[in-house]
Amino acid sequence: MAKDRDLCVMVVVLLAVVQRSLEITDAGIIQVWSAPGGVTRLPCNLAAPSRDVAMMLWFKDGDRMPIYTVDFRNGPPVHWAVAGEFGARTHFVLNESDTSSAHLAVDKVAHRDEGVYRCRIDYVDSPTRNYRVNLTVIVPPESPRIYDSEGREILGTVAGTFREGQDLLLSCQASGGKPPPDVSWYRGEERLAYTKEGSVCQLLLPELTREMAGTRFQCRVEPPLLKAVYRDVTLKLFLKPQFVRVTGNGISRAGHDRAFVCTTRGSKPAPNIDWFINSQKIDSTLTEVDVDGEVTKSILTWRIRREDSGRQLVCRVSNPWFPAYTLEDSVVLDVMYPPVAQISLLEPREARLLREDENAELLCSADASPAPDNFTFYKEDHIIRDDPIGGIAVEGNKLILRGLRRHHSARYRCRARNSEGSALSEPLTLNILSRPECSAGSVVQQLAGAPGGEVRARCSVTAPSIHDAGPLRFYWTYNGTKDVLPGISARGLTEAVYRASNDAPQFVLDALSPGRYTFLVYSETPRGRSPRPAALHSVAINPSDDLDRPGSLQTMTPAPPPMTAGDNSVALLVGAALSLILLTILTTLCVALVVMCKKKTRPSRDPEQSTILRRSVGVSMYGGSSISPSVVPTVVVRGHRGSRVLAARWSGVLDDAPLAVLALDTRAHDDTDSQGDEHQETEFTKSMDDMETQTDS
């Protein structure tokens with residue numbers, strides 16, 4: 001018995017009539033596998049002729065009652081089966097010539113038939129023998145399921161979509177089989193992977209190629225004694241585009257439509273096709289897409305513009321499943337367009353250097369394709385032609401003017417022409433800095449004057465503007481003597497003189513630009529004027545937004561005029577000084593009384609006209625016998641609601657109503673108000689005669 005237990009496993013395979021069972025003897029127990037619904041047999045080897053056998057009995061599991069009996073004792077064998085459904089499906093099979101093949105056949109095997117059966121053989125003269133048979137009904141596995149590398153089940157017959165170049169991992173799983181089936185992967189008749197008696201088989205394919213798109217793979221599940229189960233899947237791949245090409249290059253004309261075609265092939269799904277011009281994406285509404293199998297075309301209709309010349313038109317192809325992979329092809333646009341002309345000063349470089357007797361060179365440049373082949377210059381809409389005598393030369397796209405004169409100051413244009421058309425440039429104005437010339441009718445003037453009276457002469461000239469040529473200065477001669485009378489520049493007081501002829505003159509200064517000014521106030525009557533002004537230096541004129549903010553006003557009291565060489569003697573001067581002091585004291589008392597009386601009788605002013613900036617300037621009008629020395633101007637600068645007013649009042653009573661004259665210096669002022677004040681007063685005092693001459697005219 002021990003020897004029998006130590007024997008190696010011996011496998012005996014006996015096929016049934018319909019090959020629906022499998023018998024295995026293992027450690028004294030015969031294992032029988034049977035497919036459900038088939039016919040199986042439970043072997044029981046008689047090991048002797050039937051005449052030596054008394055009885056054969058079958059038991060199931062631990063039952064004490066036999067389920068099937070064969071009695072060999074009284075002639076032919078007598079069969080007995082347990083009553084019921086199981087007994088109706090069983091019968092004993094005996095082959096007299098081969099008693100070792102005796103077995104109990106069971107039809108339509110079901111799962112309830114599973115169990116351990118025992119066959120007992122009672123011999124006539126030999127000891128009883130027992131066989132144990134373990135009947136197992138095969139359980140077919142579930143239908144195979146296929147999963148991808150991320151555990152997602154692949155339903156249907158399509159596996160994917162996967163990407164070109166991606167690693168492929170497919171798992172075929174057949175659960176619930178008893179015994180476990182064999183699972184394998186096939187491509188056609190080529191077995192790619194195999195798992196024996198297992199429920200899962202994996203297929204690994206690294207770096208899928210585009211040739212594997214549409215390949216069919218088959219998972220086979222093969223349980224014992226049962227038909228194999230198959231599951232086919234077709235591989236679906238996303239593919240990269242293989243190439244791209246742009247057609248439609250060549251010469252184009254500005255303003256015309258041109259069609260460009262971008263063709264690509266091999267992309268799945270159909271690729272995205274984008275157009276760019278100089279890296280700027282073109283609106284997709286200008287394109288049409290045509291898909292024919294693996295070939296995709298994009299047709300761009302583009303209105304050619306002059307600025308497109310030399311630009312690069314790019315077609316970019318991309319598959320959204322391969323964001324890092326793109327293909328491009330491009331063409332460079334060759335555009336023909338009419339000129340855009342421009343005239344410029346080539347020599348001298350700066351227009352302010354255009355002076356009489358110098359030369360000038362003008363250049364006509366043009367943006368055109370093809371290059372211009374003809375240039376024409378115009379002066380005030382008249383064609384300019386070569387004139388060697390007049391110093392004019394036209395050399396291709398250059399105009400040369402030699403020996404500049406005043407008449408060369410004009411507007412110049414040029415026209416450029418090519419095969420696509422012509423264009424006229426914007427005008428270029430030349431201002432020749434010429435010498436001043438007397439105005440027409442002002443060359444000779446006849447002047448007449450009475451002895452002891454005044455004679456006024458006016459000099460009128462034509463000259464370049466102050467901005468272009470700087471200040472214009474006048475110089476007078478008398479009897480051939482040069483520069484006996486100094487003039488004033490055009491930047492001086494010419495346009496800055498105000499006059500008022502009432503008792504309280506007011507000068508409206510609204511036209512003044514913000515800045516600093518010097519104001520000179522004179523008192524004048526028919527008998528003459530005060531020799532020195534009341535001066536207010538470096539007065540800040542603020543913007544209109546700041547008119548209502550208080551500021552400051554600087555004043556200066558001029559010193560008495562110096563004594564001239566015509567005075568007789570020191571004694572006379574001393575006497576005159578004493579008399580003047582006494583007269584001044586009396587005059588001051590009278591003036592004080594008059595001022596107090598005027599203040600009492602003067603009506604009250606509107607509060608809105610209240611003084612914002614006020615400071616009295618006590619300036620005596622020295623010298624000049626025709627004006628009382630008691631005339632003292634008081635200057636007030638007021639600002640309210642966007643208006644500036646400078647008013648002057650007289651503190652003395654004059655026989656004739658004085659004429660107030662306000663002059664202002666428009667030249668730049670330094671921040672230091674006191675520096676150079678007396679020099680300015682002197683200069684302005686000398687300039688007043690000529691200033692009045694200009695303003696009167």
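Throughout, numbering of the chain's residues begins at 1 and tracks the sequence.
- Ion pairing between a basic and an acidic side chain is recognised when a charged N comes within 4.0 Å of a carboxylate O; Glu85 and Arg112 show such pairing.
- The one candidate from Lys268, Arg210, Glu211 that meets the side chain to side chain contact (heavy atoms under 4.5 Å, CB included) condition with Glu164 is Arg210.
- Side chains of Asn319 and Tyr325 form no contact here, defined as non-hydrogen atoms less than 4.5 Å apart.
- With contacts defined as side-chain heavy-atom distances shorter than 4.5 Å, the pair Leu362/Leu345 qualifies.
- Applying the disulfide (SG to SG under 2.5 Å) rule to pairs touching residues 232-306 yields Cys262-Cys315, sequence neighbours excluded.
- On the SG-SG cut-off of under 2.5 Å, Cys201 and Cys219 do not qualify.
- Counting only heavy atoms from C-beta outward, the side chains of Cys44 and Ile121 approach each other to under 4.5 Å.
- Under a 4.0 Å N-O distance rule, the pair Arg316/Glu328 qualifies as a salt bridge.
- Applying the 6.0 Å contact sphere to CG of Asp373 captures more than 12 heavy atoms from other residues, nucleotides or ligands.
- Salt bridge Arg305/Asp308: present, at least one basic N to carboxylate O contact under 4.0 Å.
- When side chains are defined from C-beta on, Ile343 does not count as touching Leu399, because their heavy atoms never get closer than 4.5 Å.
- Within the 4.5 Å cutoff, the side chain of Glu420 has heavy atoms near those of the Arg253 side chain.
- Between Trp275 and Phe260, the ring-plane angle classifies as tilted under the 30° and 60° cut-offs.
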